[in-house]
Amino acid sequence: MRPPPLSHDTKCMKILSWNVNGLHDVVTIKGFSAHDLAQRESFDEKDVEKFKNLIADYDSYWSCSVSRLGYSGTAVISRVKPISVQYGIGIREHDHEGRVITLEFDGFYLVNAYVPNSGRFLRRLNYRVNSWDPCFSNYIKILEKSKPVIVAGDLNCARQSIDIHNPPAKTKSAGFTIEERTSFETNFSSRGLVDTFRKQHPNAVGYTFWGENQRITNKGWRLDYFLASASITDKVHDSYILPDVSFSDHSPIGLVLKL
């Protein structure tokens, strides 16, 4: 399903995005090695330390929840030093859970996002679709006035029926309600952000998240995305999932971008 690798003289950037669902457990208990994953994906790195030095000689940027410690957060580890870094989207009610980090590079912004889950009994559904999604979308559109944007992360929505196992049974579940899917289309797809995996694989069934004991039977959800401004999609060489990396209930996703 993946295209041939680019030639060695083609300048490109490879990006991985992964909801590790508990960094402490993944690194210290489950035995995850950033070295092994980076080596497999042909990243050039030397050694591994815990947490803020997961990969030596890379710069790291961290944003953690301050309202509920240990609840949520994002991090970016980059071998390419960004021009600028911004934490949050500039709106106080949305920025206390550490859900967004934006790195500016020469040709684009990379927005690392962990979108709020609507939660049990859909307690946060209204907040999610009527407040967070529109504000996050507007933030992206402001960035696009300067440069194209790539949004990476767990967006907590299976946007189409093909993106979830047994869709008729999940229509009242957080991540697949009609409200969330409509919001995704209204705030992201309809505003010019392209789902790069679906563009490359229109009919592929590929999941990035599995509930407890459901990975072995592949009864999953596609919740993790690389969304890209339409103006930069022609530079996307590959958009893919690594389902065999199983330290978390999510799998990493990858993007290869020609520069």
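Along the sequence shown, residues are numbered consecutively beginning with 1.
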Undergrad: State the OG-OH distance between Ser78 and Tyr58, to the nearest 0.5 angstrom.
TA: 8.0 Å
Undergrad: Write down the atom of His250, the atom of Asp224, and the distance for their closest heavy-atom approach.
TA: ND1-OD1, 2.9 Å
Undergrad: Tell me, please, which residues at least two apart from Glu97 pass side chain to side chain contact (heavy atoms under 4.5 Å, CB included).
TA: Ser65, Ser67, Tyr71, Ser72, Arg99, Arg124
Undergrad: Stepwise, does the side-chain contact (heavy atoms from CB on, under 4.5 Å) test hold for Val245 with Trp18?
TA: CA-CA 10 Å; Val245 180; Trp18 191 15; 3.7 Å; yes
Undergrad: Could you tell me whether the side chain of Ser190 and the main chain of Glu185 form a donor-acceptor pair under 3.5 Å?
TA: yes
Undergrad: Quick check: closest heavy atoms across Arg159 and Ser189, and the distance to 0.1 Å?
TA: NH2-OG, 3.5 Å
Undergrad: If I compare all heavy atoms of Ser7 with all of Asp9, which pair ends up nearest, and what's the gap?
TA: OG-OD1, 2.5 Å
Undergrad: Do Arg128 and Ser183 have side-chain heavy atoms sitting under 4.5 Å apart?
TA: no
Undergrad: Determine the interplanar angle of the Phe197 and His201 rings, folded into 0 to 90°, and report it as parallel if under 30°, tilted if 30 to 60°, perpendicular if over 60°.
TA: tilted
Undergrad: Between the side chain of Thr182 and the main-chain N/O of Glu179, is any donor-acceptor distance below 3.5 Å?
TA: no
Undergrad: For Val194 and Lys199, which heavy atoms make the closest approach, and how far apart are they?
TA: CG1-CD, 3.7 Å
Undergrad: Among Ile140, Ile150, Val149, Ile83, exactly one meets side-chain contact (heavy atoms from CB on, under 4.5 Å) together with Tyr109. Which residue is that?
TA: Val149
Undergrad: Within the structure provided, determine whether Asn138 and Arg191 are in side-chain contact (heavy-atom separation under 4.5 Å).
TA: yes
Undergrad: Do Asp249 and Asn21 have side-chain N/O donor and acceptor atoms under 3.5 Å apart?
TA: yes
Undergrad: Any non-hydrogen side-chain atom of Thr177 less than 4.5 Å from a side-chain atom of Ser118?
TA: no
Undergrad: Is the centre of the Phe176 ring less than 6.0 Å from the centre of the His165 ring?
TA: no
Undergrad: Is the CD1 atom of Ile216 crowded by more than 12 outside heavy atoms at less than 6.0 Å?
TA: no
Undergrad: Counting C-beta onward and ignoring hydrogens, is there a side-chain heavy-atom pair between Lys235 and Pro148 closer than 4.5 Å?
TA: no
Undergrad: Tell me, do Phe105 and Leu259 make a side-chain contact under 4.5 Å, heavy atoms counted?
TA: no
Undergrad: Would you indicate whether the side-chain heavy atoms of Val85 and Val76 approach each other to under 4.5 Å?
TA: no
Undergrad: So, Ser229 side chain and Ile232 main chain: donor-acceptor pair closer than 3.5 Å or not?
TA: no
Undergrad: Mind checking whether Thr171 and Ile178 have side chains closer than 4.5 Å, heavy atoms only?
TA: no
Undergrad: Without hydrogens or angle criteria, can the side chains of Asn112 and Thr74 be said to hold a donor-acceptor pair below 3.5 Å?
TA: no
Undergrad: So which of Phe209, Phe184, Phe188 actually passes ring-ring contact (aromatic ring centres under 6.0 Å, His included) with Tyr225?
TA: Phe184
Undergrad: Can you list, by chain and residue number, the hydrophobic cluster partners of Leu122 when the side-chain cut-off is 4.5 Å?
TA: Leu125, Val129
Undergrad: Hey, what do you get for CG (Asp133) to SG (Cys157), rounding to the nearest 0.5 Å?
TA: 8.0 Å
Undergrad: With respect to Asp195, which candidate in Arg222, Gln160, Gln200 satisfies the side-chain hydrogen bond (donor to acceptor under 3.5 Å, both in side chains) definition?
TA: Arg222
Undergrad: With respect to His94, which candidate in Phe136, Tyr127, Tyr87, Tyr139 satisfies the ring-ring contact (aromatic ring centres under 6.0 Å, His included) definition?
TA: Tyr127
Undergrad: Aromatic rings Trp210 and Tyr207: how do their planes relate, parallel, tilted or perpendicular, breaks at 30° and 60°?
TA: perpendicular
Undergrad: Looking at CG of Asp244 and OG of Ser251, how far apart are the two atoms once the value is rounded to the nearest 0.5 Å?
TA: 7.5 Å
Undergrad: Are the side chain of Thr233 and the backbone N or O of Ala230 linked by a donor-acceptor pair below 3.5 Å?
TA: yes
Undergrad: Less than 4.5 Å apart, side chain to side chain, heavy atoms only: is that true for Tyr114 and Asn156?
TA: yes
Undergrad: If you compare all heavy atoms of Leu223 against all heavy atoms of Ala158, which two are closest, and at what distance to 0.1 Å?
TA: CD2-N, 3.6 Å
Undergrad: Using a strict cut-off of less than 4.0 Å between a Lys/Arg side-chain nitrogen and an Asp/Glu carboxylate oxygen, indicate whether Asp163 and Arg181 qualify as a salt bridge.
TA: no
Undergrad: Strictly by modelled atom types, are Ser84 and Glu104 linked by a side-chain donor-acceptor pair under 3.5 Å?
TA: yes
Undergrad: Can you name the nearest heavy-atom pair linking Gly88 to Asp95, along with the distance?
TA: CA-OD1, 3.3 Å
Undergrad: Would you say Ser248's side chain and Val20's backbone share a donor-acceptor pair under 3.5 angstrom?
TA: yes
Undergrad: Show your reasoning for whether side-chain contact (heavy atoms from CB on, under 4.5 Å) applies to Cys12 and His237.
TA: CA-CA 9 Å; Cys12 66; His237 174 71; over 6 Å; no
